[in-house]
Amino acid sequence: AANSAPVSTTTQAEIYLSQFGYLPASARNPASSGLHDQKTWVSAIQEFQSFAGLNITGELDEETMKLMSLPRCGVRDRVGTADSRSKR
Amino acid sequence: YALQGSRWRVKNLTYKISKYPKRLKRSDVDAEIARAFAVWSEDTDLTFTRKAAGPVHIEIKFVESEHGDGDAFDGQGGTLAHAFFPVFGGDAHFDDAELWTIGSPRGTNLFQVAAHEFGHSLGLSHSDQSSALMAPFYRGFDPVFRLDEDDKAAIQSLYGRKTNQYTPTNVYPPSTQRPAFTPPKTPLDDTICKDSKVDTMFTSAQGDTYAFKGDKYYKLTTDSVEEGYPQLISKGWPGLPSNIDAAFTYKNGKTYFFKGTQYWRYQGRQMDGVYPKEISEGFTGIPDHLDAAMVWGGNGKIYFFKGSKFWRFDPAKRPPVKASYPKPISNWEGVPNNLDAALKYTNGYTYFFKGDKYYRFHDARFAVDSAVPPFPRPTAHWWFGCKNTPSSTAVGDH
């Protein structure tokens, strides 16, 4: 499938990580992007890398962006913390 | 696998396709969508019946860009489809800008994506197992599709195993209204909230999890106690006494209960032969008056716990208990002595219960898991859905 949504910039990665639950929803608004601190950003990338089975570097490296560019399901990978009770 | 937290309360579900894709024949789409639903019927009692119109559990649409749910599609590639969990209605939407194909490596395979989305409609979240259907990334056309074990475990944890009963699919359930989602409730009698120490806990072959306490048993949901419980053990498992010491379900689908020097075996709710029998007869090398028992997910062997010691029992070996046992429970880093229960839960984690607290065990690290809030955690809040009880044992966390 052709990719109309390749991720090749930090901003695109921010929107991707927010869309799929690794960053707070506010990051989807370009006007507010970049407002979260470095620690949040690195841990979001690490969480995505861990979930996707990549090496956990915490860096937006080429392999990570390549995976972010794959066609995929639109449901979030992280389904909210409100139901963390279900993770007992 | 991962569960979102809601599921349908009925197993005979209905669906309709209210908007078809523009590039495929309707009859072909009908067949592929039916095949995609059938993936989830193979290992459960779920049935899916198509309706031409009227209220259904799952509505399916092929739409483009903004289509009314605030989550716009993005043209070809990128997001292919999305679906809503049962608590949010269960509908599935497909991006009709994609080149949906059937049985071809070209474009995007409708069957595979549909089967994935219907997993969400049934309550499954994304899995981090790359071989699972519920992994979030489209892996391209797979001519020999087979449901992954991870997906089977996931769907059975919500809807139980297939019981081979005949359930005609062309029968409409008495009510086709969407079951209303009801938020978790505290148990009818909240004695378990005041004193959440249990006798034992186990998961049945059907994937249901139970807590035994005294002469009563509680059936658990993903975050609390199911309505209508507790009930009497003697009613649930005829012939089984109260105050059970330990219980586990083995891979043969039978559940074993232990009390004092004796044990009982049940197939589902029915006693499976003449019981009780002596533990010394059926489980040579295992002591009586046990604290806890479980089948450990790490190797599928049976583990028994008593005082500060544990035994490993392998039915396939002679003798079933090696001479090197018992061993100290302290080998299980962070797990206390004198347990009440041990459980391999439906999410694959191992749990230990003692008093009013529980510990989640990280099998790979072979140590009590580290998480926020930390373990041990109060059982009342996390397993029985009790309100106004602390969610953490951390000091000052009230």
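We name chains A, B, ... by the order of the sequence lines, and we start the count at 1 in each one.
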J.: Within a radius of less than 6.0 Å around NZ of B:Lys22, do more than 12 heavy atoms belonging to other residues, nucleotides or ligands occur?
T.: yes
J.: Within a 6.0 Å radius of atom CD on A:Glu62, are there more than 12 heavy atoms belonging to other residues, nucleotides or ligands?
T.: no
J.: Please say whether the positively charged group of A:Arg72, taken as NZ for Lys or CZ for Arg, lies over the ring of B:Tyr138, i.e. under 6.0 angstrom from the six-membered ring centre and within 45 degrees of the axis.
T.: no
J.: Other residues, nucleotides and ligands only: do more than 12 of their heavy atoms fall within 6.0 Å of CG on A:Asn55?
T.: no
J.: Can you confirm whether B:Phe84 sits close enough to A:Val75 that some side-chain heavy atom of one is under 4.5 Å from a side-chain heavy atom of the other?
T.: no
J.: Can you tell me how far the OG1 atom of B:Thr79 sits from the OH atom of A:Tyr16, to the nearest 0.5 Å?
T.: 8.0 Å
J.: Select one option (side chain, backbone, both, neither) describing which atoms of B:Glu117 are under 4.5 Å from chain A's heavy atoms.
T.: side chain
J.: Might you point out which heavy atoms bring A:Gly74 and B:Asp71 nearest each other, and give the distance in Å?
T.: O-OD2, 4.4 Å
J.: Below 4.5 Å, heavy atoms only, C-beta onward: do A:Cys73 and B:His120 meet side chain to side chain?
T.: yes
J.: I need the minimum non-hydrogen distance between A:Ala52 and B:Phe137, along with the two atoms involved.
T.: CB-CE1, 4.0 Å
J.: Does A:Phe51 reach the side chain of B:His126, with side-chain heavy atoms less than 4.5 Å apart?
T.: yes
J.: Name the region of B:Ser127, side chain, backbone, both or neither, that has any atom closer than 4.5 Å to a heavy atom of chain A.
T.: backbone
J.: Shortest non-hydrogen contact from A:Asp77 to B:Pro136?
T.: OD1-CB, 3.5 Å
J.: Just wondering, do A:Leu70 and B:Arg139 contact through their side chains at under 4.5 Å, heavy atoms?
T.: no
